[in-house]
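Okay, so here's the structure we're looking at.
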Amino acid sequence: MANSGAAESQAIVVEAETRLLDLSIEAQRAAWVYETFINEDTERLTSKADARVTLATVDLAKRAARVDLGGVPAETQRKLKLLRLSLPLLSPSDPAESEELARLVASMRGRYGKGRYRPQGAAEDWDLAALSRRMAESRNATELEELWTGWHAVGRPMRPEFSRYVELANRGAREVGFADTGAMWRSKYDMPPDEFAQEAERLWTQVRPLYRTLHAFVRKRLSTVYGPTLVPPAGPIPAHLLGNMWSQTWEHIYPVLAPSESGAGYDLTQILKERGVDERELVRIAERFFLSVGFERLPATFWDRSMFVKPAGREVLCHASAWDIDFVDDLRIKMCIDVTEEEFYVVHHELGHNFYQRAYRDQPFLFRDSANDGFHEAVGDTISLSITPEYLTRIGLLPGAPDPSQDTGLLLKKALEKVAFLPFGLLVDRWRWQVFSGELGPADYNSSWWEMRRRYQGIAPPVGRSEQDFDPGAKAHVPSNTPYMRYFLASILQFQFHRALAESSGWDGPLHRFSIYGNREAGAKLKRMFELGASRPWPDALEMLTGSRTMDASAILDYFRPLNEWLTQATEGAPMGWPGE
Ligand code: X8Z
Ligand code: ZN
């Protein structure tokens, strides 16, 4: 033990809350400029700024590891623990390696942001948004295959960068006492890392039967649409036919799946277009939802500094994100908004981050975070679950709420978004955990990725893949080093939040018809939880809102219960599951 605990830990915390805060703000500014104006210079500036934060954090975390914790107040102990876990990437203390790592990540991120493909017959290169738009609409298998393959080429050149990044990132994590970067990511959940891995698996086991039923239903329909050669009735579904580049959500193929008795319900994308809602107005509508439950307006700077529209004449990283540049109220979102139903939800998702961030701004710097990262991702989605037909009617976007006989369609569309996502949400980090632990090496990167895609999602690549390819790199969070398990947790948690808010409001109708719009008590409950930040272990925060201390998938099952019954009937006699699951 190097030092007397209490004094040294206090010194570390003070330094973290001053110097680290300063460096982090600088790094955020550099990252903002980079992501909204990608070029050689901004890439260097952001990697330098990141490297400075990382080095300072590693330095403080190492000092913290040597502190004798006897007599150190619990709050300070928690801060030291969070300090060690505050970054998703730690670099080796060697400055050259540290900078190399930061540049690798910036470079992979840049490749992703600049990714383009020119489809046959097109007059220009298409970016991911254009490719995704077409993928959502096209029902032509040949075209879909081309779009899929065209985009997935973006991963290839990342392969050598990625394997070097794994090596350096692990070296950094080990210096601070973690087994590897994956173990560090799993340590963020107020429980031992192995236990967390089991928790995730437990939640997946809870929802897996629902997923398999949905999968069987979708496969049966697609087999009819595209024929049994392309979509074998008992095999995995080809990944290019699900309306999404990563087959992570399937709502875009709803029109080919819609139950005949229920019709398509309403088409929000169409309505938004007809009303001439533009990007800024879309964000305004989302803000008004938060205001209706009692949150304060976003600051004027949010409207001046956010990026809502893809700018012309420069490269930007379009993947949506929410920012709190100064950790107080310089809130922003960065998106290339397309006025569609899907992006309407994404806008709520991003604003959820911003309202959470603002609510914990009075916490000390090291506590300015969500209870766990799944909470951060769940908040805006919880609000989106309240975008019901009744709500859309109240704000004048629908002439009247459709009759509940339309509900099968409504629920199916939601399931294609939320239930379809679950295995993808789980597997991205199941794969990365094994990569970081060394169980999977570069020789197996792509084959193991597809083995997991098959096992969990029941999908297969549309064309042959090899170890020349690097398909994980075609998903934003991999090149940008963003952990992904948070989204899996969020897809469970948002239903838990939603059900708890419904129950405490005395709602006894179906969960999918419940909305907290205008419900100030529900808003106050959320706000109280947000204000805790990361000051308490997440079960405390969960208990405040839901009365339960464990994450529990029974709420998502409750929500989709009526649909599950319908799907079970619709798939009677059809094959269930696939070889290799
Ligand atoms: O990346 C996101 C957000 C970033 S804050 C838009 N999401 C995941 C994804 O797009 O893959 C939200 C849901 C899953
Ligand atoms: Zn998010």
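This one's a predicted model, so the numbers in the text were calculated from it and none came from an experiment. Whatever order the structure lists them in is the order used to number ligands and atoms, beginning at 1.
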Protein-side N, O or S atoms sitting under 2.8 Å from the Zn ion (ligand 2) are His349 NE2, His353 NE2, Glu377 OE1

Nearest non-hydrogen contact to atom 11 (O) of ligand 1 from the set Tyr484, Phe488, Trp246, Tyr487 belongs to Tyr484

Atom 10 (O) of ligand 1 has as its nearest protein heavy atom His319 CE1, 3.4 Å

Under 4.0 Å from one or more heavy atoms of Lys475, ligand 1 contributes atoms 9 (C), 10 (O), 11 (O)

Among non-hydrogen protein atoms, atom 6 (C) of ligand 1 lies closest to Glu350 OE2, 3.2 Å

Flag the pair Phe289 / Tyr517 as yes when their ring centroid distance falls below 6.0 Å, and as no otherwise.
-> yes

Value for CH2 (Trp151) from CE (Met135), rounded to nearest 0.5 Å, stands at 12.0 Å

Item checked: Centroid-centroid distance, His348 to Phe344, less than 6.0 Å -> yes

If we number the atoms of ligand 1 from 1 as shown, the ones under 4.0 Å from a heavy atom of His353 are 5 (S)

Test salt bridge (Lys or Arg N to Asp or Glu O under 4.0 Å) on Arg212 and Glu581 and set out the steps.
CA-CA 10 Å; Arg212 287 175 91 240; Glu581 60 175 319; 2.9 Å; yes

Parallel, tilted or perpendicular: rings of Trp449 and Trp431 (30°, 60°) = perpendicular

Per-atom filter on ligand 1: closer than 4.0 angstrom to a heavy atom of Gln248 are 9 (C), 10 (O), 11 (O)

From the list Lys334, Glu35, Lys310, side chain to side chain contact (heavy atoms under 4.5 Å, CB included) with Val316 holds only for Lys310

Note to self: With a 4.0 Å cut-off on N to O distance, would you call Lys414 and Glu417 a salt bridge?
What the structure shows: yes

min-distance protein heavy atom vs atom 4 (C) of ligand 1 -> Ala320 O, 3.4 Å

Review point. Heavy-atom distance under 4.5 Å between the side chains of Asp429 and His477, does that happen here?
Key: no

Under-4.0 Å salt bridge between Glu161 and Arg109 = no

